[in-house]
Amino acid sequence: MKIRFHTLIFLGMALGAVVGMLLYSPDGATGFRKVALEFCDLFGRSVFIGALKMLVAPLIFFSILAGITSLPTTGELGRIGLKTFTFYIVTTSIASIIGLVLVLTVQPGLQGNRDEVRANWPKQKEAIQIEFASKTDKVEAARETTAWGAVKKNVERIIQNPFTALSESPPNSLGVIFFAILLGIALIVIGEPGRPVVGVINGVNQAILTLTGWFMLGAPFFIFCLVALLVGTTGPSVFESLIWYVGVVLAGIGIHMGVLLLICKYVGKRSPLAFLRGIRKPWAVAFSTRSSAATLPITMKSVTEELHVDPKVAGFVLPIGATVNMD
């Protein structure tokens, strides 16, 4: 019997958790444990997450361009854009309300072993200050920033040299998205002279998705390494001090998922079960990488191939969502 690919991913995740517990040592990893964790770090973080992040900036740029230039008119772009931003504003507002209600009701910071956490805080604070000493000036500058100053700073990040936005690590997604939208609209407006460029854009976009498929072939192994590294480094103690926080976060995510599935059913006219089956791979990768941007290549592939969403819609909606729709 052939094992489905998403099943292999979840098996890799479970096996990684088991191996991580075996590798964990409260006194710090040494000998074989240290070598094993370094191996997991190499293939999990450096190779897998590095490869996904390598693809993110060009994927955002070319997928938005391909999505926009596939539309016949700027009017259709306006309709899709209005629906997209309305959806993002509504769901983000709902997520914020759920989070506030849960935190104010449960008050996770007042639960659990808070006395132990407070006792350990001075030592942890000193270590954090040493680690982030170079960021102190930026923090102080941010504290004195006015509302208009914050708006100006964000506008400057959006309207900038697109090559600089693409080359930053992590990439300046808002700058990439803004330039891609403007260039896509310009290609629609100029019509016939832009058609050869559109063909190149679609070809590059397909090539990037193909690259994503190649890296995904090793996803079960890479995700095994990521989970083993995470568990082997932190151990179970992190859950003891954060159990109430983790519980509130998971409860909030669960409630918000219910809201989104209702929208999926009644607004999107799609079976929630079919939707959940279609996003199994992105879920597994998102859980292990903890990054919306790093998961974007797999999300694009799954949404178009398994949920059969129009590529022009996915190419416009998903890159923007991975950047601004942090529910």
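Position 1 is the first residue of the sequence, and the numbers go up from there.
- Taking CG from Leu296 and CG from Leu59, the interatomic distance works out to 5.0 Å, rounded to the nearest 0.5 Å.
- Here CG of Leu104 is found 6.0 Å from CG of Leu100. Values are rounded to the nearest 0.5 Å.
- In this structure, SG in Cys40 is found 6.5 Å from CG in Leu23, a value given to the nearest 0.5 Å.
- Among all heavy-atom pairs drawn from Pro319 and Ile177, the shortest one is O-CD1, 3.8 Å.
- Using cut-offs of 30° and 60° for the angle between ring planes, the Phe222 and Phe48 rings count as parallel.
- Val317 has its side chain out of reach of Phe87: every pair of non-hydrogen atoms, C-beta onward, lies at least 4.5 Å apart.
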Inset, instruction - Evaluate side-chain contact (heavy atoms from CB on, under 4.5 Å) for Phe179 paired with Ile159, printing each intermediate quantity in order. - result: CA-CA 8 Å; Phe179 181 72; Ile159 305 176; over 6 Å; no
Anything under 3.5 Å between a donor and an acceptor, one on a side chain of residues 246-253, the other on a protein residue two or more places apart or in another chain? List them.
none

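- Across all non-hydrogen atoms, the minimal contact from Ile68 to Ile185 is CG2-N, 3.9 Å.
- Every salt bridge (Lys or Arg N to Asp or Glu O under 4.0 Å) that Asp41 has, sequence neighbours left out, goes to Arg45.
- For Thr92, the side-chain hydrogen bond (donor to acceptor under 3.5 Å, both in side chains) criterion is met by Asn325, Asp327, not counting sequence neighbours.
- Residue pairs meeting the salt bridge (Lys or Arg N to Asp or Glu O under 4.0 Å) criterion with at least one partner in residues 274-283, sequence neighbours excluded, are Arg280-Glu306, Lys281-Glu306.
- A side-chain donor-acceptor contact under 3.5 Å links Ser63 to the backbone of Ile60.
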Inset, instruction - May I have the step-by-step check of ring pair (Phe, Tyr, Trp, His ring centres under 6.0 Å) for Phe43 and Phe221, ending in yes or no? - result: CA-CA 9 Å; Phe43 286 96; Phe221 169 71; 5.6 Å; yes
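- Taking the side-chain hydrogen bond (donor to acceptor under 3.5 Å, both in side chains) definition, one finds that Arg270 meets it with nothing, sequence neighbours left out.
- The list of side chain to side chain donor-acceptor pair (under 3.5 Å) pairs with a residue in residues 246-255, not counting sequence neighbours, is empty.
- Identified under the ring-ring contact (aromatic ring centres under 6.0 Å, His included) test for residues 248-285, with sequence neighbours left out: none.
- Heavy-atom minimum distance, Ala228 versus Leu37: O-CD2, 4.0 Å.
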Inset, instruction - Determine, stepwise, if the pair Leu230 / Leu226 fulfils side-chain contact (heavy atoms from CB on, under 4.5 Å). - result: CA-CA 6 Å; Leu230 178 63; Leu226 281 172; over 6 Å; no
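- Cluster annotation: Val176 and Val200 are assigned to the same hydrophobic cluster (Ile/Leu/Val/Met/Phe/Trp/Tyr, side-chain heavy-atom contacts under 4.5 Å, transitive).
- Side-chain contact check for Tyr24 versus Thr233: every heavy-atom pair is 4.5 Å or farther apart.
- By the rule that hydrophobic residues join a cluster once side-chain heavy atoms approach within less than 4.5 Å of another member, Val231 and Leu22 end up as members of separate clusters.
- Taking every heavy atom of both residues into account, Phe316 and Gly81 meet most closely at CE2-CA, 3.7 Å.
- Applying the salt bridge (Lys or Arg N to Asp or Glu O under 4.0 Å) rule to Lys265 yields no partners; only residues at least two apart in sequence or on another chain are considered.
- Once rounded to the nearest 0.5 Å, the distance linking CD1 of Ile223 with CD1 of Ile49 reads 9.5 Å.
- Every pair passing salt bridge (Lys or Arg N to Asp or Glu O under 4.0 Å) that includes a residue from residues 183-198 is listed here, sequence neighbours excluded: Glu192-Arg195.
- Among residue pairs with one or both ends in residues 79-103, none qualify as salt bridge (Lys or Arg N to Asp or Glu O under 4.0 Å); sequence neighbours excluded.
- Rounding to the nearest 0.5 angstrom, the gap separating the CG atom in Leu55 from the OG1 atom in Thr212 is 4.5 Å.
- Cluster membership check: Ile255 shares its hydrophobic cluster with Val90, using side-chain heavy-atom separations under 4.5 Å among Ile, Leu, Val, Met, Phe, Trp and Tyr.
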Inset, instruction - Applying side-chain contact (heavy atoms from CB on, under 4.5 Å), run through Val313 and Leu318 and close with a yes or a no. - result: CA-CA 8 Å; Val313 175; Leu318 291 175; over 6 Å; no
Result block: side-chain N/O donor-acceptor pairs under 3.5 angstrom for residues 298-305, not counting sequence neighbours:
residue: Thr299; atom: OG1; partner: Thr295; partner atom: O; Å: 3.0
residue: Lys301; atom: NZ; partner: Glu305; partner atom: OE2; Å: 3.1
residue: Ser302; atom: OG; partner: Ile298; partner atom: O; Å: 3.2
residue: Thr304; atom: OG1; partner: Met300; partner atom: O; Å: 2.9
residue: Thr304; atom: OG1; partner: Lys301; partner atom: O; Å: 3.2

Legend entry - Verdict with supporting geometry, Phe62 and Ile208, side-chain contact (heavy atoms from CB on, under 4.5 Å): CA-CA 9 Å; Phe62 285 102; Ile208 294 172; 3.9 Å; yes
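- Checked against Val197 for a side chain to side chain contact (heavy atoms under 4.5 Å, CB included), the options Leu183, Asn202, Leu187 give a single hit: Leu187.
- Linking Ile, Leu, Val, Met, Phe, Trp and Tyr residues whenever their side-chain heavy atoms come within less than 4.5 Å leaves Leu217 and Leu15 in two separate clusters.
- Under a hydrophobic-cluster definition in which Ile, Leu, Val, Met, Phe, Trp and Tyr are linked whenever side-chain heavy atoms come within less than 4.5 Å, directly or via other members, Met257 and Tyr88 are assigned to the same cluster.
- Going from atom CD1 of Ile64 over to atom CZ of Phe178 covers 12.0 Å, rounded to the nearest 0.5 Å.
- Legend: residues meeting salt bridge (Lys or Arg N to Asp or Glu O under 4.0 Å) with Glu38, ordered by chain and number and at least two apart, are absent.
- Annotation: side chain of Trp244 is in contact with side chain of Val106 (closest heavy-atom distance under 4.5 Å).
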